[in-house]
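So that the names make sense, note that chain A is the first sequence line, chain B the second, and so on, each numbered from 1.
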There are 2 protein chains.
Amino acid sequence: MSYSREAMVELLRKHGISPTHQRLEIAHVLFSRCEHLSADRILALTNERFAETSKATVYNTLNLFRDRGLIREVIVDPKRVFYDPNTQPHHHLYNVDTGEITDIAADALEISGMPALPPGMVTEGVDVIVRIRAL
Amino acid sequence: MSYSREAMVELLRKHGISPTHQRLEIAHVLFSRCEHLSADRILALTNERFAETSKATVYNTLNLFRDRGLIREVIVDPKRVFYDPNTQPHHHLYNVDTGEITDIAADALEISGMPALPPGMVTEGVDVIVRIRAL
DNA sequence: GGCTTGAGTTAGACAAAGTCCAATCTTTAG
DNA sequence: CTAAAGATTGGACTTTGTCTAACTCAAGCC
Ligand SMILES: [Mn+2]
Ligand SMILES: [Mn+2]
Ligand SMILES: [Zn+2]
Ligand SMILES: [Zn+2]
């Protein structure tokens, strides 16, 4: 999951995104780890060494990456959105005590009995969230 | 799903909640319809006839009802929490265009292949969200 | 090299959801 | 009825995220 600078530039270009310095920094933060990070944390990590990216740019970039299908949002905590560099279909284990989010492989879970959709509707995705806690 | 005033008082008492005027109004709003309402909308509906309940009380009461297991939260929209008067296990269909949330009966969906949990962990719940859209 | 142009970045104002607090009011036990 | 405990309130505050108008910067052209 770790990309060279050049590979990252290619990745962005392939998704129709101009590879600016800030976008590459943010992409690096996202793709160099397989975690589920909040915007806040991405901002902090991006500016860890040198403060060079603004909050507005982080939000702009995350929304751009999401719209272009580079990353996806994980909605489990009402307080903030998490960003997932893994856009393959998969599910999540959510530790409600610690806030930790872990992946569940898509093929691990079998879901059957999907209701028929109203005509003219399509399924955009199926998210399974397994909420767990200590004890 | 419609309760008389007396039945509502009993319901709250059974959950260890003093049945104040405001709480009964809010409970009425929640339990007289089988919908998934936001705090904002609950506030508006509660004060539809007479403005008599504050925003703080609506939030206090929703959190209290949730903690006591009278209602549950539905986390599908990063912008706001929805409150569900149905605490039985069940799942949700989420129309991403309109924001509409519909129930899927628990026994309609079959989920198999749950991952083994780390020792000392228990599953608090499994939420399936089927995101759908037009086209 | 200078100039133009358009895309990208930015600080800071703004908005919306939700929490907190100290003063006040209501409920309830006795 | 009374007093203590519990509930409610307006408004300040916090947090997450969006918006805007000014500014920066790289690319293409001369
Ligand atoms: Mn968003
Ligand atoms: Mn909440
Ligand atoms: Zn994931
Ligand atoms: Zn429901």
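Computed from coordinates, the A/L62 CG to D/dT16 P distance equals 14 Å when rounded to whole Å. Protein atom CZ of B/R41 is 13 Å distant from nucleotide atom P of C/dA17, rounded to whole Å. Taking atom CG of residue A/L37 and atom P of nucleotide D/dT16, one finds them 14 Å apart after rounding to whole Å. Atom C1' of nucleotide D/dT18 and atom CZ of A/R66 are separated by 12 Å, given to the nearest angstrom. The distance from atom CD1 of B/I42 to atom C1' of C/dA17 is 13 Å, rounded to the nearest whole Å. Distance, B/L43 CG to C/dA17 P: 11 Å, rounded to whole Å. Rounded to whole angstrom, the span from the CD atom of B/E73 across to the P atom of C/dA17 amounts to 15 Å. Residue A/E25 contributes atom CD, which lies 11 Å from atom P of C/dT10 at whole-angstrom precision.
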Do any N or O atoms of the protein come closer than 3.5 Å to N or O atoms of nucleotides 22-27 of chain D, and which pairs are they?
none

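For B/H28, the NE2 atom counts as loosely surrounded, since its 6.0 Å shell holds 12 or fewer non-hydrogen atoms of other residues, nucleotides or ligands.
Residue B/H91 forms a side-chain contact (heavy atoms from CB on, under 4.5 Å) with just one option from B/T102, B/I104, B/I129, and that option is B/I104.
Picking from C/dT9, D/dG17, D/dA7 the nucleotide with the shortest atom distance to the side chain of A/R23 gives C/dT9.
Phosphate proximity of C/dT19 to B/N63: present, with a side-chain N or O under 4.0 Å from OP1 or OP2. Residue B/Y59 has a polar side-chain atom (N or O) positioned under 4.0 Å from OP1 or OP2 of C/dG18. Phosphate contact (OP1/OP2 of D/dG17, side-chain N/O of A/N60, threshold under 4.0 Å): absent. At C/dG18, none of the side-chain N or O atoms of B/R80 fall inside 4.0 Å of OP1 or OP2 (strictly under the cut-off).
The stretch residues 44-53 of chain B participates, sequence neighbours left out, in these side chain to side chain donor-acceptor pair (under 3.5 Å) pairs: B/H21-B/E52. Note on residues 109-123 of chain A: no pairs pass side chain to side chain donor-acceptor pair (under 3.5 Å), not counting sequence neighbours.
Ring planes of B/H92 and B/H36: perpendicular class, angle over 60° (limits at 30 and 60°).
When every heavy atom of B/A134 is checked against every heavy atom of B/D97, the shortest pair comes out as N-OD2, 2.9 Å. Between A/A39 and A/V58, the closest heavy-atom pair is O-CG1, 4.0 Å. Heavy-atom minimum distance, A/I26 versus A/T57: CD1-O, 4.2 Å. What you find for B/Y83 and B/P85 is that their closest heavy atoms are O-CD, 3.8 Å.
Residue-to-nucleotide proximity on DNA chain C shows that, of B/S38 and A/I17, the 5′-proximal contact is made by A/I17.
B/L70 has its side chain within reach of B/L12: a pair of non-hydrogen atoms, C-beta onward, lies under 4.5 Å apart.
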Exercise for review: Indicate for each nucleotide in nucleotides 23-30 of chain C, in 5' to 3' sequence, whether protein heavy atoms under 4.0 Å reach the base (B), only the sugar-phosphate (S), or nothing (-).
Suggested key: -----S--
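Under the 4.0 Å criterion applied to side-chain N and carboxylate O atoms, B/E100 and B/R131 are not assigned as salt-bridge partners.
Looking at residues 48-57 of chain B, you'll see B/E52, B/T53, B/S54, B/K55, B/A56, B/T57 sit with a heavy atom under 4.0 Å from some atom of DNA chain D.
Looking at residues two or more places apart in sequence or on another chain, you find no side-chain hydrogen bond (donor to acceptor under 3.5 Å, both in side chains) involving B/R23.
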